Amino acid sequence: MNKFNLKNLVRANVQRLKPYSSARDEYKATGDAMTFLDANENPFENGVNRYPDPQQRELKLTLAKLKNLSSKQILLGNGSDEVLDLLFRSFCEPGIDNVITLPPTYGMYKVLAEINAIENREVLLTEEFQLDVKSILNSVDQNSKLLFICSPNNPTGNAIDARNIKTLLENFSGIVVIDEAYIDFSSYESWITFLDLYPNLVITQTLSKAYGMAGIRLGICYASEAIISVLNKIKPPYNVNELTQQKALERVLAVDEVFDEVEHILKERNSLLKNLETINFIEKIYPTDANFILVKVDNASLRYNELLAKGIVIRNRNTQPLCENTLRFTIGTAQENEKLIEALHNLDN
Ligand SMILES: *Cc1c(COP(=O)(O)O)cnc(C)c1O
């Protein structure tokens with residue numbers, strides 16, 4: 001049974017912590033023309049001479065409207081990777097606590113567990129890349145703080161069955177983190193609408209994939225106000241820089257452009273899926289809800305190197321559990337996808 005109690009999950013040092021108060025935290029412009037002599041900045045304007053808003057108010061307000069949430073349910077980070085790291089540092093006591101990850105999946109969960117000296121308990125997905133709920137619940141103990149579910153999953157591409165996620169939300173007394181980096185490509189709904197129902201639900205998204213802004217590094221965490229305020233206590237004061245805030249705001253305000261691009265990528269995904277069926281050495285094409293396709297081939301390392309020699313870089317996922325001899329193709333432009341198919345056709349069968 002779920003005995004979720006946020007107080008019991010937060011590390012003692014984080015509970016005791018009094019956060020650093022930056023100049024821009026202590027005094028934020030109210031719209032009046034104020035004279036700022038508080039932060040030892042260079043006074044000559046160049047667009048970035050002032051510290052950025054530590055709470056990214058405008059960007060969060062815009063995201064909150066788009067997602068039908070409150071700004072207090074949002075935390076922004078330097079990529080999802082920073083958001084995920086903040087979760088580890090808020091809830092997991094080094095050398096004592098553990099997290100549950102579900103390979104084959106995104107590699108950063110494991111790396112962050114290792115960096116933070118947290119035991120990583122791995123429970124494999126099923127052959128269909130779905131959750132083995134029984135084994136997951138069997139691997140949990142009272143020190144299991146975080147459970148990472150990536151949906152749609154990287155590198156497999158499929159979305160995770162919603163009923164199984166519900167079972168875990170209802171039975172895991174730690175925090176369930178659903179990584180929705182690829183949600184905008186998916187026919188499945190985001191879990192954001194369930195935030196009020198499940199106090200132990202955390203959702204991460206990013207501007208790196210569908211939003212086309214991997215270069216600016218903006219990761220997003222959606223959760224209860226209570227969880228967000230814990231993360232806010234330990235985040236670096238100016239973790240999202242001014243240029244990133246500006247660029248992200250422009251993009252989120254023009255979200256229809258993003259949706260158009262996603263639609264285009266999904267059309268390309270369909271035609272690439274069809275064309276991949278004509279390649280002899282591709283033995284299996286896995287179902288995808290993301291902007292990439294995982295395939296099983298005769299010899300992944302051989303095919304990877306052959307494509308590389310033709311100037312095409314893909315991802316070899318051969319060493320991932322349950323992914324023997326698999327390759328992952330990102331959906332590119334029509335021209336790039338044609339180049340890929342042509343190159344595949346020209347390899348020896
Ligand atoms: C690409 C990806 C991310 C994005 O990370 P950022 O740090 O926001 O660029 C997060 N999760 C998964 C599963 C990904 O594949």
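Keep in mind that what you see is a predicted model, and the values were worked out from it rather than measured. Remember, it's 1-based here, ligands and their atoms both numbered in the order they're listed. Basis for what follows: all heavy atoms, side chains included, without hydrogens, waters or symmetry-related copies.
- The other residues sharing a hydrophobic cluster with Leu243 are Val48, where clustering joins ILVMFWY side chains under 4.5 Å apart.
- In this structure, Tyr211 and Val255 have side chains that are in contact, with non-hydrogen atoms separated by less than 4.5 Å.
- Listed by chain and number, the residues in a side chain to side chain contact (heavy atoms under 4.5 Å, CB included) with Val177 are Leu84, Leu87, Leu146, Phe148, Ile175, Val202, Thr204 (sequence neighbours excluded).
- For the salt bridge (Lys or Arg N to Asp or Glu O under 4.0 Å) condition, the pairs that include at least one residue of residues 139-158, sequence neighbours left out, are Asp97-Lys145, Arg121-Asp141.
- Residue Lys247 qualifies as open at atom NZ: its count of foreign heavy atoms under 6.0 Å is 12 or below.
- Residues Phe329 and Arg315 have side chains not in contact (no heavy-atom distance under 4.5 Å, counting atoms from C-beta outward).
- Protein neighbours of ligand 1 below 4.0 Å, counting non-hydrogen atoms: Gly79, Ser80, Asp81, Tyr106, Cys150, Asn154, Asp179, Ala181, Tyr182, Thr206, Ser208, Lys209, Arg217.
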